[in-house]
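The structure appears below as structure tokens.
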Amino acid sequence: MSSDHVQSTEYSAALASEGSAEAPYLELLARGASADAYEQPVLLARAEGRPAERIAALEAAKLLALRVRSDMEVRRRREAELSALFETAHDLAGLRDLDAVLRAIVQRARSLLGTDVAYLSLNDPVRGDTYMRVTEGSVAARFQQLRLGMGEGLGGLVAQTARPYVTDDYFADDRFQHTRTIDAGVRDEGLVAILGVPLTLGHHVIGVLFAADRRARVFEREQIALLGSFAALAAAAIDTANLLTETRAALTELERANEIIQDRSGVIERASDVHDRLAELVLRGGGVHDVAAAVAEVLDGAVEFTDAAATPAEALEASRTEGHAVRHADDWIAAVAAGGELLGALVLHGHPGLDPVDQRTLERAAMVTSLLLLARRSAAEAEQRVRGELLDDLLDARDRDPRLLRERATRLHADLDATHAVLAARLDSTAADADQEAAARRRLWSAASHLAATRHGLAAARDGGTVLLLPLETGDSTTDLARRTARQLGSAVHEPVTVGASAPVRDLAAHPDTVAAAYEEGRRCLDALRLLGRAGDGAAVEDFGFLGLLLAGDRDIAGFVDRTIGQVVAYDERRGTDLVRTLDAYFACGMSPARTKDDLHVHVNTVAQRLERVGRLLGDDWQSPGRALEIQLALRLHRLSAPVRR
């Protein structure tokens, strides 16, 4: 027996003699004695014949001391584990060589778990398998060079489930897929018990960390958790290395970008300027041409907004598909699109060497232009619907309150007290199918609504065509209005449009029924144009002479007489002359001046002078067959409508 042990025994006996059962065990704890040494105080007390109470107290103190000793061992082991984890984290913080950090992780895991072998495998996404990256304690070359298919072996099970797996006997475990290659490598290494934990980044498994023994072994829960901690550090090291690589690449890119920024500071200032200008334009309700002008000033070039049909189709489609401005000859074209619809393009002329920042400026301007167009279209469509509803109510005479009708019209900048004409418009092309025909009608309605809005009128879709209520300007005739409307609508829809106009109508708020009658008159005029082969033209009832009496809904006889010979009648009334009677006699005598002078009992020169005056009032073509027929009909109607003299 050693002298230290004798002294310890004597010291323990002395402490025991003092009456404290815990005293000898405190000394054993203090010097870190082995578990066997804790039996000595009890054995000594029995040998000395101590009372049973004393021995029982020593037994109780022994159990408590052993529990404290066990806790201290756990704490020391935990301290060692934490120290190893701290050192690994420190290595990770100063990461310079990824392989060195991974080797340190595997070495420390093997040391703390006390296993024969520790190793780490990583997934290869390019080859679709996993390979050994680091091994510690391995002696078999084939094992160190293993490449495993995904899902094979215990490691494949860990990778599939992202959960730790442990086997006490690898070759007897059928929970995972055994392969000849893996089993041969494991057999070469002589491994029996294997623990594997996943290396995860986010939700993705990038590899597996293993600890293995060449004998049967049960891994405790704390050991599994410890290996999992090392796996987390290994994954962090790999992620950090990847981030460092990406950061270095990003720094290189940033350096290049910084050089570009320094070189292009003026360009960026222009981009900021155009951004401010475009924002200001949008806020104050600017239009597409305002956007083009602002971009032209910033880019120091000519910029215009063009319709899709007037833009080179191939370049426009390429810009719409790619979402970027494209070069076309010496120009740059940026598609103005919303969803799948092409609204037009912004075209920058004469700038073949456009730099990327200015190109982006043009693209941003195109985007702003599309937003403005969509906003304008939405507002216009809403206004078109309201205009159409008011005209529908007038045509159907639904609202007979003049005050309400005037208020609704005023909100649309229309004046129902002004003189108007009702126009019926219809497309004359034949569509290939029903869908194309419906699309053509929508285009006509849209164009008519736009025209009505600009002319302070109303428009609505009706009877397969469009009806418009437009004001007549001073000096304007319904014929001029019909022809002008046919041209404008035809140009807008790129197809022939026929327009028939009614006679002027007035005081619509008080007499809304006149709108429906005038619309029927305009439709009959439109039908007459198409029957006469004048599709794509515009005309009013007055253009058809006496046929207008048949077309007119109210048979406006007085209006026809006034339009045809009204100036001659007015001349007779002012001057007291007899031109109307002379005309009547002239036609009755077969347009012979000689027979006319006999019928009137005047000199032939008088007849000639009167007819010359008629020509100046009615126009040089008054004796043409068509005009002569209308004048004779007007003379007869004038005679029939004159009051009977008694």
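Index from 1, following the sequence. Computed from a prediction, not measured in an experiment: that's the story for all the values here.
Of all the heavy atoms in Arg46 and Ile55, the pair that sits closest is CG-CD1, 3.5 Å. Residues Val205 and Ala162 share a closest heavy-atom pair of CG2-CB, 3.7 Å. Closest approach of Gly153 and Phe176 over heavy atoms only: O-CB, 3.6 Å. The two residues Ile194 and Leu154 have their closest heavy-atom pair at O-CD1, 4.2 Å. A pairwise comparison of heavy atoms in His178 and Asp183 identifies ND1-OD1, 3.1 Å as the closest pair. Smallest separation of non-hydrogen atoms from Leu199 and Ala231: CG-O, 3.8 Å.
The line from CZ of Arg142 to CZ of Arg187 is 9.0 Å long, rounded to the nearest 0.5 Å. Taking CG of Asp36 as the start and CD of Glu39 as the end, the distance is 8.0 Å to the nearest 0.5 Å. One finds the OG atom of Ser121 at 6.5 Å from the CG atom of Asn123 (value rounded to the nearest 0.5 Å). One finds the OG1 atom of Thr306 at 10.0 Å from the CG atom of Asp331 (value rounded to the nearest 0.5 Å). For the atom pair CG (Leu102) and CG (Leu233), the distance works out to 11.0 Å, reported to the nearest 0.5 Å. How far CD of Gln107 is from OG1 of Thr135: 10.0 Å, rounded to the nearest 0.5 Å.
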Discussion item. Before you tell me yes or no, could you show the steps for Ile206 and Ile238 under side-chain contact (heavy atoms from CB on, under 4.5 Å), namely the whole-Å CA-CA distance, both residues' side-chain angles and the distance that decides it to 0.1 Å?
Written reply: CA-CA 9 Å; Ile206 63 170; Ile238 295 169; 3.8 Å; yes
Worksheet item: Can you list the steps and then say if Leu146 with Thr181 is a side-chain contact (heavy atoms from CB on, under 4.5 Å)?
Response: CA-CA 8 Å; Leu146 276 178; Thr181 303; 3.8 Å; yes
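Contact check for Leu120 versus Phe230: no side-chain heavy atoms found under the 4.5 Å cut-off. The shortest side-chain heavy-atom distance between Pro312 and Ile333 falls under the 4.5 Å cut-off. Counting heavy atoms from C-beta outward, Val186 and Phe171 have side chains that approach closer than 4.5 Å. Contact check for Arg54 versus Glu48: no side-chain heavy atoms found under the 4.5 Å cut-off. Counting heavy atoms from C-beta outward, Asp116 and Arg215 have side chains that approach closer than 4.5 Å. Side-chain atoms of Arg147 and Asp124, non-hydrogen and from C-beta on, do get closer than 4.5 Å to each other.
Applying the salt bridge (charged side-chain N to carboxylate O under 4.0 Å, His left out) definition to pairs two or more places apart or across chains, none involves residues 197-210. Screening residues 224-246 for salt bridge (charged side-chain N to carboxylate O under 4.0 Å, His left out) gives no qualifying pairs among residues at least two apart or on separate chains. Applying the side-chain hydrogen bond (donor to acceptor under 3.5 Å, both in side chains) rule to pairs touching residues 149-167 yields Thr167-Asp173, sequence neighbours excluded.
Of the possible donor and acceptor atoms, one in the side chain of Thr240 sits under 3.5 Å from a partner among the backbone N and O of Ala236. Checked by atom type and distance alone, the side chain of Ser319 never pairs as donor or acceptor with a backbone atom of Ala315 at under 3.5 Å.
For Arg214 and Glu189, the salt-bridge test passes: some basic side-chain N is under 4.0 Å from an acidic carboxylate O.
Remark: His204 pairs with no residue by the ring pair (Phe, Tyr, Trp, His ring centres under 6.0 Å) rule, at least two apart or across chains. Shown here are the side-chain contact (heavy atoms from CB on, under 4.5 Å) partners of Asp99, two or more places apart in sequence or in another chain: Asp97, Arg103, Arg133. For Ala118, the side-chain contact (heavy atoms from CB on, under 4.5 Å) criterion is met by Val106, Arg110, not counting sequence neighbours.
A side-chain N or O of Gln144 and one of Ser138 form a donor-acceptor pair less than 3.5 Å apart. Using modelled atom types and a 3.5 Å distance limit, the side chains of Thr321 and Glu317 yield a donor-acceptor pair.
The only member of Leu227, Asp213, Leu195, Leu191 that meets side chain to side chain contact (heavy atoms under 4.5 Å, CB included) when paired with Thr115 is Asp213.
The number of heavy-atom neighbours closer than 6.0 Å to CD of Glu314, taken from other residues, nucleotides and ligands shown, is 12 or below. Counted within 6.0 Å of CZ on Arg180, heavy atoms from surrounding residues, nucleotides or ligands total 12 or fewer; the atom is thus considered open.
Ring geometry, Tyr119 versus Phe143: the interplanar angle exceeds 60°, so the pair is classed perpendicular (tilted spans 30 to 60°).
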